[in-house]
Every structure is written in structure tokens, then in C-alpha cells.
There are 2 protein chains.
Amino acid sequence: MAILERSHLEIIRAVDRYGSLTAAAEKLHLTQSALSHTVRKLEDLLGVTIWRREGRSLHPTQAGEYLLAVANRLLPQLDHAEERLGQFARGERGGLRIGMECHPCYQWLLKIVAPYLTAWPAVDVDVKQKFQFGGIGALFGYEIDMLVTPDPLYKNGLTFEPVFDYEQVLVVGPGHPLRGAPYVKPAQLANETLITYPVALDRLDIYTQFLTPAGIAPKRHKPIETTDIMLQMVASGRGVASLPRWLVEEQAERFEVAAVQLGRHGVAKQIFLGYRETEGQLDYLRAFVEMARANQGSRR
Amino acid sequence: MAILERSHLEIIRAVDRYGSLTAAAEKLHLTQSALSHTVRKLEDLLGVTIWRREGRSLHPTQAGEYLLAVANRLLPQLDHAEERLGQFARGERGGLRIGMECHPCYQWLLKIVAPYLTAWPAVDVDVKQKFQFGGIGALFGYEIDMLVTPDPLYKNGLTFEPVFDYEQVLVVGPGHPLRGAPYVKPAQLANETLITYPVALDRLDIYTQFLTPAGIAPKRHKPIETTDIMLQMVASGRGVASLPRWLVEEQAERFEVAAVQLGRHGVAKQIFLGYRETEGQLDYLRAFVEMARANQGSRR
DNA sequence: GTCTCGCATGAAGTATATTAATCGATGGAT
DNA sequence: ATCCATCGATTAATATACTTCATGCGAGAC
């Protein structure tokens with residue numbers, strides 16, 4: 001009852017990656033014979049065949065596929081743990097892996113990261129945007145250490161703190177009839193082309209908080225990956241978009257765009273930072289939260 | 001760069017749990033000396049002290065706390081993985097990909113799958129119907145694990161077992177002249193519209209075993225995808241079809257259809273289950289065959 | 001002070017992992 | 001069809017790593 005070792009997972013991953021025992025052996029700085037032996041013993045101990053031997057190639061069985069999934073999940077965590085221990089050894093602080101679930105958060109995040117990096121020279125920051133099981137899953141799975149999201153989830157081992165309030169607005173180009181209007185009603189978008197980031201509709205505030213409740217849909221819906229292009233499209237009259245007010249106002253110098261309040265009361269949003277509560281006292285992590293919160297004032 | 005082994009995490013967790021190296025050694029069935037050696041080497045390799053030695057007790061350093069957290073997170077996952085592999089080994093778990101080569105088999109299969117899923121909760125069942133190189137090829141190519149077919153092929157690595165006998169009959173609608181006849185002769189179909197599944201004629205029993213030997217062809221031939229629509233067409237007098245007797249009798253409640261024997265002696269058919277003979281002892285696979293065979297009695 | 005408990009250490013033995021050398025099988029090239 | 005290169009399996013030899021044994025040292029208990 002303690003058969004599976006790290007080296008086994010390492011072998012399984014290498015065989016999958018490099019396609020053969022021989023190639024894997026090369027990469028692992030071992031001989032083909034060594035792997036063959038190890039594999040055979042492992043299969044014996046587990047009582048499971050991991051690969052089907054077909055001619056001169058190996059194909060993972062169901063158990064093999066499962067083991068591969070385990071390897072791909074656990075090995076990165078072990079690697080990360082060692083890296084972190086290396087940082088301990090060198091007296092450094094560590095790496096802060098930040099995950100983001102909202103597109104425009106990126107612009108905001110950049111403003112925080114720059115001063116943070118100078119204040120904490122020993123901390124490396126990494127930003128990730130894609131998660132297999134969602135941002136929360138990435139936090140739990142130790143893929144990231146901090147999550148930037150507009151949708152906090154108060155749950156068992158996680159802590160979320162609001163760090164930034166902003167207003168979500170409609171962005172219109174020059175000469176647009178809504179430009180300068182005190183606010184826009186949902187029905188007024190029924191004939192518009194709406195440009196959004198390419199994500200599910202239920203993750204877009206302009207739908208969930210504005211259009212959908214009113215039962216309105218825009219005439220066309222156009223997904224665009226990047227904020228810059230999105231603003232260019234709006235500036236050239238190809239459609240309207242929805243972004244944070246501060247972002248629009250900041251970019252108004254570069255693009256001919258203007259913000260219009262969504263509905264009579266506007267759409268208020270918050271950005272939250274989430275982290276594992278066991279790490280809440282890590283000073284370099286706390287510091288990031290503090291800096292994010294402090295930065296709020298500078299913009300409003 | 002692959003220092004941390006599972007055993008190390010195991011030690012770290014045990015020391016934390018049982019309070020001392022000596023106690024941990026006992027639980028791990030090792031000597032105290034062995035642990036001491038291992039620990040020292042680990043600390044050297046990582047370049048980190050894991051425990052502060054105070055008097056005769058050990059207190060985890062910051063790195064130690066971190067490692068403990070890693071151990072408590074990863075070890076249960078490894079344990080769980082081994083447990084799951086044990087299920088694979090004992091044939092309790094797996095994925096059963098069932099391929100089907102005959103259309104009406106589907107109705108029959110559904111009756112087997114339902115109880116099977118409750119009896120084998122750890123087995124995932126998947127049903128496929130299209131194969132690039134035929135059902136046999138799919139078995140050999142590991143696209144599927146079990147084939148449901150009326151045409152067994154006794155060959156090298158495959159095993160086929162008959163699990164269900166049935167009679168193929170003609171289906172006629174209400175008011176059809178053949179209704180109630182003791183049997184139908186091929187020539188009597190020369191003026192009929194024959195409705196079949198959209199497959200090659202040589203895979204349709206009514207052709208291979210009834211019409212073709214007599215040199216007869218129906219007036220029209222109409223391919224229909226689904227059994228339900230086929231029965232509706234027959235019930236509304238648009239043509240006749242050919243299906244298993246048990247299926248017709250079962251559906252007689254829903255549709256106004258009746259079965260007529262094909263020819264003086266009827267057309268007898270069997271459904272076979274085929275699988276790779278190397279997997280014949282897999283418990284969950286055997287169980288499926290048994291359940292399929294047992295189900296036979298309930299219907300006839 | 002002495003006794004006990006717990007960890008550390010060095011040398012020795014043993015188990016384990018790795019290698020070298022070789023074989024058989026397979027699939028592609030000629 | 002034949003040949004050749006490649007891959008995995010196997011066996012025996014070897015190297016490595018681990019464990020044990022015997023012992024030492026220090027700290028707290030009595």
C-alpha cells in the first residue's frame with residue numbers, strides 16, 4: 001500500500017510525451033532496460049497493465065490513461081513544490097501565480113503588478129488566463145495562488161476580498177446617437193451590433209445585468225479577443241461594446257470612444273481577489289492585496 | 001530536479017502525526033536510523049532544513065510546514081489513485097464501449113444497460129454505432145470493447161457468444177391483406193413498399209434470407225433512420241417493414257402494427273456479443289455477457 | 001547525578017535499481 | 001520477398017541506495 005512513486009508517474013508522463021520507452025529513457029537519463037524493468041515491476045505490483053504492447057509500440061490501457069491523468073495533475077504540483085523549496089533555500093520569497101477570470105481585469109492588473117514588482121523584487125509574478133476547471137478549481141488545485149474575478153465564491157478554504165469598485169458602461173463611437181445621452185435603455189440596443197469578449201453570455205455583465213432581464217437581444221453579436229481591437233471597432237462605428245468606465249475614459253485619448261451609463265441606475269461591479277485562506281498570512285501575498293486595494297483611490 | 005519522492009512526503013506526514021522520528025519509524029515499519037538518514041539526505045538535497053532540532057523534539061520550520069501542507073494535499077490523492085487502480089485490477093472499474101452493428105439491437109441493448117449500470121456503478125458504458133472498418137475492425141482497433149452483432153466472425157483473437165434468439169418478421173399495418181396470414185411468401189412482397197434501415201442490402205435479413213434467394217424485389221424501397229418513424233409509417237399504411245418479433249409485439253401497444261412470419265419456416269436470428277478474448281476474464285465484461293444472456297428468458 | 005528517551009552517525013550488509021549484452025518481433029524500405 | 005533498423009523484453013552482472021547494527025550525544029525526568 002504505497003506502490004506509486006513519483007518516478008513512476010514521471011515515466012508514465014515521459015512515455016506519453018515522447019512516444020516510446022526508448023525515447024523516454026533518453027529524456028530521463030536512463031537506459032531503456034531500466035525503464036522496462038521498472039515498468040514491469042510496477043505493473044506486477046499494481047496488478048494492472050498500463051500499456052498494451054502492439055508490435056513495437058505502446059498504447060495506454062484504460063488504467064494507463066488514468067495514471068497519465070494522475071501524473072499530469074500531480075507532477076506539476078511536485079515540481080512547483082520543489083521550486084518553492086528552492087526559493088526557501090535561497091532566502092527568496094517565491095512566485096505569485098495570478099489567475100484571471102475577467103478580460104478587462106487585465107488592464108487593471110497591469111497597473112498593480114508594475115509597482116508590486118519593484119516593491120517586492122524577490123517575488124516573481126506570473127499571470128495565467130486559461131483554466132481547465134475554472135478559476136476556483138485552479139486555486140484549489142494549486143495551479144494559481146491568487147484569482148482575480150468579479151464573481152467571488154465564499155466557500156470552505158478560500159478567501160475573497162473586494163479590492164476595486166467600478167462601473168460597467170456602454171462604449172460608443174463618434175457620432176453615435178447615444179453619445180452624450182444620460183443613460184441607455186435596453187431596447188435601444190435592439191438594433192445594434194454588440195462587440196464582446198468571446199466567452200459564454202452568462203459571463204457577460206451586459207447580458208446578465210442589462211439585456212437579459214429586459215428580454216432584449218442585440219441585432220448582431222460579434223466576439224473580439226482583444227480590448228484594443230474592440231475599441232478600434234467601436235471607434236470606427238462597427239458596433240458598441242461594454243467595458244469598465246475607467247478603462248473607457250483612460251483609452252479615450254487613443255480612441256474616439258465615449259462611455260454611456262447602462263440603465264437609469266448604472267451597472268456597478270467589483271473586482272475581488274481570492275486566495276487559499278491557509279496562505280492569507282504570507283506577507284508577499286497580503287502585500288499584493290493591500291496594493292490592489294490602495295490603488296483604487298488613485299483612479300477615482 | 002526530481003528530489004521529492006512520495007516516501008519523503010510519507011515521512012513528513014508521519015513525523016507530524018506521531019510526534020517523533022522514532023514513533024514515525026515504528027508506524028512506517030522502518031528503523032529510527034533509517035528515517036534519520038533519509039531525512040538528512042533530503043535536507044541536504046533540498047538545501048533546506050525541515051525541522052529545527054530542539055532538545056529531543058523536532059519542530060517544523062517554515063519549509064517544513066510547507067512540505068507538510070504539500071504532503072497532506074498530495075498523499076491522499078496518491079492513495080486514492082492506488083485504490084482506483086485496484087478497482088481496475090479487480091475488474092470492478094473500467095469503461096465499456098459497446099459497438100452495435102444492427103439497428104434493432106439498440107432497443108434490446110437498452111434493456112440490458114439499465115440494470116447493468118446499477119449493478120456496476122464504477123463502469124462507464126458508452127454505445128457507438130459508426131465504425132470506419134466495421135465492427136470487427138473496431139474491436140481489433142480498440143475503438144470498442146464489445147460488439148453487438150447478428151453476424152459473428154470466429155477468428156483469431158475474438159470470442160463471440162450468442163445471447164439472444166429471436167425471429168425476424170414482417171411488420172404490416174392495420175387492414176393490410178397479409179395481416180393475420182400464417183406466413184408470407186416472397187412473391188407477395190413484389191408489389192409492396194419495403195421500409196428498412198438505411199444500410200447496404202446485404203446487411204438486411206429480409207433480403208439475404210428471404211427476398212434475394214427467391215429472386216424477388218419489392219416495388220419500392222424506402223430507407224428510414226429510426227424505429228419509431230418506421231413503425232409509424234407502417235401503421236399508416238405507407239409500406240411494410242421487417243423487424244424482430246419481440247420488438248413488434250412490444251410496440252403493438254403504441255402502434256397499430258402486426259407481425260407476420262417470413263416464409264413457411266420463419267427467419268431465425270441470433271444476437272451475439274463479441275469481445276477480445278484476452279479480456280474475457282474481466283469481471284465487468286463477463287458480467288455484461290451474463291446479464292445479456294439472463295435477460296433472454298424474460299422476453300420469450 | 002543518573003537514567004531514559006530521542007536523534008545523529010559511521011561502518012557494514014543487504015536489497016534494490018541500473019546497466020550491458022543480447023534476443024525476438026515488427027514495420028518500413030529495397 | 002528480403003533485408004535492415006528500431007523497439008521492447010530478458011538475463012546476468014554490477015552499481016547504487018537503503019537499512020540495519022552498534023554506538024554516541026544531549027536534554028529532560030526522577
Side-chain angles (χ1 to χ4, degrees), chain A residues 1-61 63-64 67-68 82, chain B residues 1-61 63-64 67-68 133 137 140-142 156-157 276 278:
Chain A
M1 251 300 172
I3 301 167
L4 263 185
E5 282 293 329
R6 176 188 191 167
S7 55
H8 296 137
L9 297 182
E10 213 95 53
I11 291 171
I12 285 160
R13 183 173 66 174
V15 169
D16 174 65
R17 260 192 205 162
Y18 306 113
S20 73
L21 265 194
T22 312
E26 181 113 4
K27 297 285 181 179
L28 296 176
H29 308 292
L30 291 172
T31 59
Q32 173 267 324
S33 175
L35 287 208
S36 188
H37 280 290
T38 310
V39 162
R40 163 178 257 290
K41 184 181 292 180
L42 178 61
E43 287 186 329
D44 283 353
L45 283 173
L46 290 176
V48 167
T49 58
I50 301 173
W51 290 285
R52 213 166 355 101
R53 277 75 167 173
E54 270 181 12
R56 52 178 165 185
S57 55
L58 301 178
H59 297 278
T61 61
L67 270 173
L68 181 60
E82 279 189 10
Chain B
M1 254 300 169
I3 303 167
L4 262 186
E5 283 292 333
R6 178 188 190 166
S7 56
H8 296 137
L9 298 181
E10 214 92 56
I11 291 171
I12 286 159
R13 182 173 66 174
V15 170
D16 173 66
R17 253 187 212 170
Y18 306 113
S20 74
L21 267 194
T22 311
E26 180 112 6
K27 296 283 181 181
L28 296 175
H29 307 291
L30 293 171
T31 60
Q32 171 268 322
S33 173
L35 285 208
S36 187
H37 281 288
T38 310
V39 162
R40 163 175 257 290
K41 183 182 290 180
L42 178 63
E43 287 185 327
D44 285 352
L45 283 173
L46 291 175
V48 168
T49 58
I50 300 172
W51 291 282
R52 224 167 332 102
R53 279 72 168 173
E54 279 179 5
R56 54 177 162 181
S57 56
L58 300 178
H59 297 280
T61 63
L67 270 173
L68 182 59
F133 304 109
F140 271 117
Y142 283 81
N156 17 39
R276 291 178 289 276
T278 53

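Letters go in sequence order (proteins before strands), and every chain restarts at 1.
- Within the structure, every side-chain polar atom (N or O) of Arg40(B) is placed at least 4.0 Å from both OP1 and OP2 of dA8(C).
- Side-chain atoms of Thr38(B) come within 3.5 Å of backbone atoms of Ala34(B) as a donor-acceptor pair (strictly under, hydrogens ignored).
- For Glu82(A) (side chain) and Leu4(B) (main-chain N/O), a donor-acceptor pair under 3.5 Å exists by modelled atom type.
- Counting only distance, with no hydrogens or angles, the side chain of Glu43(B) and the backbone of Ile50(B) share a donor-acceptor pair below 3.5 Å.
- Spacing between atom CD of Gln32(A) and atom C1' of dA17(C) amounts to 15 Å, rounded to whole angstrom units.
- As judged by a 4.0 angstrom heavy-atom cut-off over every strand, Leu35(B) is placed among residues making no nucleic acid contact.
- Residues passing the salt bridge (charged side-chain N to carboxylate O under 4.0 Å, His left out) test with Glu10(A), sequence neighbours excluded: Arg6(A), Arg13(A).
- As a whole-Å value, the separation of Leu21(A) CG from dT19(C) P is 14 Å.
- The side chain of Thr22(A) places an N or O atom within less than 4.0 Å of a non-bridging phosphate oxygen (OP1 or OP2) of dG8(D).
- Toward the 5' end of DNA chain D, the nearer of the two residues His37(A) and Thr31(B), judged by each one's closest nucleotide, is His37(A).
- In this structure, Glu26(A) atom CD and dG8(D) atom C1' are separated by 16 Å, rounded to whole Å.
- Residues Thr49(A) and Thr61(A) approach most closely at O-OG1, 2.7 Å, considering heavy atoms.
- For the pair Glu5(B) CD and dA17(C) P, the computed distance is 11 Å after rounding to whole Å.
- Remark: Ser36(B) is in phosphate contact with dA8(C), judged by side-chain N or O atoms under 4.0 Å from OP1 or OP2.
- What separates CG of Asp44(B) from C1' of dA8(C) is a distance of 13 Å, to the nearest Å.
- Look at NE2 on His59(B): it is 13 Å from P on dA27(D), rounded to the nearest Å.
- Mapping Ser33(B) and Lys41(B) onto DNA chain D via the closest heavy atom, the residue that lands nearer the 5' end is Lys41(B).
- Comparing Glu54(A) and Ser57(B), the nucleotide of DNA chain C nearest to each residue sits closer to the 5' end for Ser57(B).
- Rounded to a whole Å, the CG atom of Leu58(B) is 9 Å from the C1' atom of dG6(C).
- Rounded to an integer number of Å, the gap from CZ of Arg53(A) to P of dC23(C) is 22 Å.
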